[in-house]
Amino acid sequence: MAEAITVARPYAEAVFKLGVVNNSLPQWSKMLQFASEIAENDQVKLLIGNPVVSAKQLSEIFLEIGRSKFSSDARNLVIMLVENKRILVLPQISQLFEQLKAQHEGVVEAKIVSAFPMESKQLKKLVDDLEQKFKRKIEAQVSVDPELIGGIKVEIGDEILDASVRGKLEVMAFALKS
């Protein structure tokens, strides 16, 4: 996975820069998402890496599926990825592009895990507090994990805020072992 992300990063950055220059970030977002869905299709996966299918044929198939949904720049990207045998990293390119786009727009994605379902008022208060702390707009993805026992755990980028009972018990257990 880390290798695919490493391979995808320069492509995502180039597409992002092109999207900023052309003021076409939302269009690129849609095109990359659609291209990723094509690359992840089981029937298309059988064609990728098949020695009988040439790069030209694979490009044509990809572009025919995408037909009117791809701009000329997106078509060129697909052709280049196929020729360089990088078409399988399209999902990672799309993911990295979305991260760059969110940063550019001042939005940060937060993964919030709660031991119990949160009421909308609680969630709004938490998001407001996080927006003040990080001085950015927060886009929250909320899930429930009863194994936390109580409290919440928040992941924003590489920062983790663990206010769960389970997290506190793990810290105590580590302290007692030391």
Side-chain angles (χ1 to χ4, degrees), residues 1-113 123 126-128 130-143 153-161:
M1 182 69 152
E3 185 178 305
I5 291 286
T6 303
V7 170
R9 184 167 281 111
Y11 293 104
E13 290 172 351
V15 170
F16 173 74
K17 287 176 185 173
L18 184 62
V20 169
V21 168
N22 295 337
N23 199 24
S24 60
L25 291 177
Q27 293 85 355
W28 271 106
S29 186
K30 289 176 188 169
M31 289 185 290
L32 287 172
Q33 180 59 43
F34 187 69
S36 295
E37 290 171 8
I38 295 171
E40 291 178 320
N41 179 286
D42 291 336
Q43 293 175 341
V44 173
K45 279 183 178 179
L46 293 174
L47 300 174
I48 298 171
N50 185 335
V52 177
V53 180
S54 71
K56 186 177 187 313
Q57 290 171 319
L58 184 58
S59 295
E60 288 172 356
I61 291 167
F62 235 88
L63 297 175
E64 181 60 30
I65 295 170
R67 205 172 294 158
S68 62
K69 295 190 185 226
F70 293 145
S71 68
S72 62
D73 287 332
R75 295 171 73 78
N76 290 337
L77 175 67
V78 167
I79 291 168
M80 181 175 55
L81 290 172
V82 169
E83 288 175 354
N84 292 327
K85 298 183 183 349
R86 303 282 197 232
I87 200 71
L88 285 174
V89 298
L90 258 169
Q92 289 82 8
I93 294 171
S94 179
Q95 175 188 1
L96 289 169
F97 175 84
E98 291 302 324
Q99 290 173 1
L100 292 168
K101 181 177 171 261
Q103 285 175 347
H104 178 73
E105 294 170 347
V107 177
V108 176
E109 187 176 295
K111 294 178 184 168
I112 300 171
V113 182
L123 180 59
L126 176 61
V127 169
D128 289 345
L130 291 170
E131 286 178 348
Q132 280 187 329
K133 177 177 173 52
F134 289 94
K135 297 185 184 356
R136 294 183 126 171
K137 177 142 177 49
I138 301 290
E139 192 172 285
Q141 290 183 347
V142 183
S143 61
K153 185 175 179 180
V154 179
E155 274 185 55
I156 298 178
D158 59 355
E159 199 166 332
I160 298 174
L161 308 169

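The shortest heavy-atom contact between Ile38 and Val44 is O-CB, 3.4 Å. Contact between Leu161 and Phe134 at its shortest, heavy atoms only, is CD1-CE1, 4.4 Å. Shortest non-hydrogen contact noted between Phe70 and Leu63 is CD1-CD2, 4.0 Å. Nearest heavy atoms, Phe97 versus Ala12: N-CB, 3.9 Å. The minimum heavy-atom distance between Val127 and Ala140, with the atom names listed, is CG2-CB, 4.0 Å. What you find for Met31 and Ser71 is that their closest heavy atoms are SD-N, 3.2 Å.
Pairs engaging residues 34-48 under the side chain to side chain donor-acceptor pair (under 3.5 Å) rule: Gln33-Glu37 [sequence neighbours left out]. Pairs engaging residues 74-84 under the salt bridge (Lys or Arg N to Asp or Glu O under 4.0 Å) rule: none recorded [sequence neighbours left out].
Distance check, rounded to the nearest 0.5 Å: CG of Leu96 to CD1 of Ile5 gives 4.5 Å. A distance of 4.5 Å separates CG in Leu77 from CG in Leu81, rounded to the nearest 0.5 Å. Between the CG atom of Leu47 and the CD1 atom of Ile87 there is a distance of 11.5 Å, given to the nearest 0.5 Å. The CD atom of Glu64 sits 14.0 Å away from the CD atom of Gln57 when rounded to the nearest 0.5 Å.
With hydrogens and angles disregarded, no donor-acceptor distance shorter than 3.5 Å links the side chain of Glu159 to the backbone of Ile156.
Crowding of Glu131 atom CD: a count of heavy atoms from other residues, nucleotides or ligands under 6.0 Å exceeding 12. Atom NZ of Lys153 is surrounded by 12 or fewer heavy atoms from other residues, nucleotides or ligands within 6.0 Å.
Listed by chain and residue number, Lys56 satisfy the salt bridge (charged side-chain N to carboxylate O under 4.0 Å, His left out) test with Glu60 (two or more places apart in sequence, or in another chain). For Tyr11, the ring pair (Phe, Tyr, Trp, His ring centres under 6.0 Å) criterion is met by no residue, not counting sequence neighbours.
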Could you tabulate the donor-acceptor pairs under 3.5 Å formed by side-chain atoms of residues 15-28, not counting sequence neighbours?
none

Determine all donor-acceptor pairs shorter than 3.5 Å in which one atom belongs to a side chain in residues 102-112; sequence neighbours excluded.
none

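Residues Leu32 and Glu98 form no side-chain contact, since every pair of their non-hydrogen atoms from C-beta on lies 4.5 Å or further apart.
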